[in-house]
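Below you'll find the structure, written out as structure tokens, and then a few comments.
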Amino acid sequence: MPELPEVETVRQGLAKWVAGRRIAAATVHHPRAIRRHVPGPDHFSAVLAGRTVVDVSRRGKYLWLPLDSGDAVVGHLGMSGQLLMQPPGTPDEKHLRVRFAFDDDGPELRFVDQRTFGGLAVSEGGAELPAEIAHIARDPMDPLFSDAGFVTALRRRRTEVKRALLDQTLISGVGNIYADEALWRAKLHGARPTDALTGPAALRLLGHVRDVLAEAIVAGGTSFDALYVNVNGESGYFDRRLNAYGREGEPCRRCGAPIRREHFMNRSSFSCPRCQPRPRSRG
DNA sequence: GAACCCACCTGTAGGC
DNA sequence: TGCCTACAGGTGGGTT
């Protein structure tokens, strides 16, 4: 599942391959992939033809391609999205949704997405920061991310700490997997109330979030080759050394207790029952 | 305004 | 072997 490290790896790969290139044609193969582009597929194609990609930017799990027109192509990979560079003529992927051909006849950019949770849209005037993602908080790898501001906002919330970590308007880039990993490192159960966290504890948690993401970016970067900008995740992600996520019944690497799995927000949470005891009360 | 819940989507794994 | 169900989970819109 693409979280911040995977998206950052894609961003770095795309920047090398599409920055400075002029789009010859953008072809929509599945309308759902551009459902956020309200004017529809024809408009999507028309407004992109002839435009030059200036750069590739990211905030949290969102990517956007600033264009020379001042607009931007904004995208989210969702659960299964991939942005691939492919030589023209390569057989279409089964789940090819959008194809970008360039006027230099070099490698195409293809948006492939099995489950179509992801999508692309053109953001008018969005080269600097697309309005569609202005509500997304900065991510902890962003130099302008405010640690103090995060701690204050977190402790002001009346919710559970894992819910808060997954709230992209509070801190972006963290998904279910890295939230579990950061909580394991911080020895905190995800159900701990945010307003009961001390300032130093919140700051320590943030440090663990940042460490997990930074280590994953390094690991993710090693799993992608230069041309094939792969977001599949299997080779990159599961090679990484996870301490909690997906380890139900396996011994905690810290204390040996079997990792437990709990249902939370229609998904699974993994934690150590000894290192991360459930809070005695929700208050 | 904040917090919470659920639909969206499809391939895979497991049970029968 | 084939069918059915549960599961995976980020986001946004609707509800509380």
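From a predicted model like this one, the values you see are computed outputs, not experimental measurements. Naming convention: chains lettered A, B, ... in sequence-line order (proteins, then strands); numbering from 1 in each chain.
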> Taking 4.0 angstrom as the limit, do A/Arg157 and A/Asp167 come out as a salt bridge?
Replying inline: yes
>> Do A/Arg138 and A/Phe145 form a cation-pi contact, if we require the NZ or CZ to be under 6.0 Å from the six-membered ring centre and within 45 degrees of the ring's axis?
In response: no
> Quick one: on DNA chain B, does A/Gln114 or A/Arg163 contact a more 5' nucleotide (nearest heavy atom)?
Replying inline: A/Arg163
>> Could you work out, with side-chain hydrogen bond (donor to acceptor under 3.5 Å, both in side chains) as the rule, every residue matching A/Arg58, not counting sequence neighbours?
In response: A/Glu8, A/Asp139
> Partners of A/Ala257 by side-chain contact (heavy atoms from CB on, under 4.5 Å), sequence neighbours excluded?
Replying inline: A/Cys255, A/Cys272, A/Pro273, A/Arg274
> Side chains of A/Arg21 and A/Pro107: closer than 4.5 Å at any heavy-atom pair?
Replying inline: yes
> Between atom CZ in A/Arg32 and atom C1' in C/dG10, what is the gap in whole Å?
Replying inline: 12 Å
> Angle, rounded to 10°, between the helical axes spanning five pairs at each terminus of the helix from B/dA2-C/dT16 to B/dC16-C/dG2?
Replying inline: 50°
> Can a side chain N or O of A/Ser268 be found less than 4.0 Å away from OP1 or OP2 on C/dA8?
Replying inline: yes
> Which of residues 144-154 of chain A have a heavy atom under 4.0 Å from DNA chain C?
Replying inline: none
> Excluding sequence neighbours, so at least two apart, what forms side-chain contact (heavy atoms from CB on, under 4.5 Å) with A/Ala101?
Replying inline: none
> How would you list, by chain and number, every residue that makes a side-chain contact (heavy atoms from CB on, under 4.5 Å) with A/Val56, sequence neighbours excluded?
Replying inline: A/Arg11, A/Leu14, A/Ala15, A/Val18, A/Leu63, A/Leu65
> Between C/dG10 atom C1' and A/Glu6 atom CD, what is the distance in whole Å?
Replying inline: 13 Å
> Rounded to whole angstroms, how far apart are NE2 on A/His263 and P on C/dA8?
Replying inline: 6 Å
>> Suppose we screen for side-chain contact (heavy atoms from CB on, under 4.5 Å). Which residues come up paired with A/Lys162, at least two apart in sequence or across chains?
In response: A/Leu166, A/Asn176, A/Ala179, A/Asp180, A/Leu183, A/Phe264, A/Ser269
> Residues in side-chain hydrogen bond (donor to acceptor under 3.5 Å, both in side chains) with A/Glu124, at least two apart?
Replying inline: none
> Where does the chain A footprint on DNA chain B start and end, counting 5' to 3' with a 4.0 Å heavy-atom cut-off?
Replying inline: B/dA3 to B/dG11
>> Could you list the cluster mates of A/Ile136? Members are the ILVMFWY residues connected by side-chain heavy atoms closer than 4.5 Å, either directly or through other members.
In response: A/Tyr62, A/Trp64, A/Val74, A/Leu129, A/Ile133
>> From CD of A/Gln82 over to P of C/dG10, roughly how many Å is that when rounded to an integer?
In response: 17 Å
For residues 196-209 of chain A, please give each side-chain donor-acceptor pair under 3.5 Å, one per line with the distance, not counting sequence neighbours.
from     : atom 1 : to       : atom 2 : distance (Å)
A/Thr198 : OG1    : A/Ala201 : N      : 3.1

> Heavy-atom distance under 4.5 Å between the side chains of A/Gln86 and A/Arg99, does that happen here?
Replying inline: no
> Between the side chain of A/Arg22 and the main-chain N/O of A/Gly50, is any donor-acceptor distance below 3.5 Å?
Replying inline: yes
Under-3.5 Å N/O pairs linking protein and nucleotides 11-15 of chain C:
from   : atom 1 : to       : atom 2 : distance (Å)
C/dT11 : OP1    : A/His76  : NE2    : 2.4
C/dT11 : OP2    : A/Lys61  : NZ     : 3.4
C/dT11 : O3'    : A/Tyr62  : OH     : 3.1
C/dG12 : OP1    : A/Tyr62  : OH     : 2.5
C/dG12 : OP2    : A/His135 : NE2    : 3.4

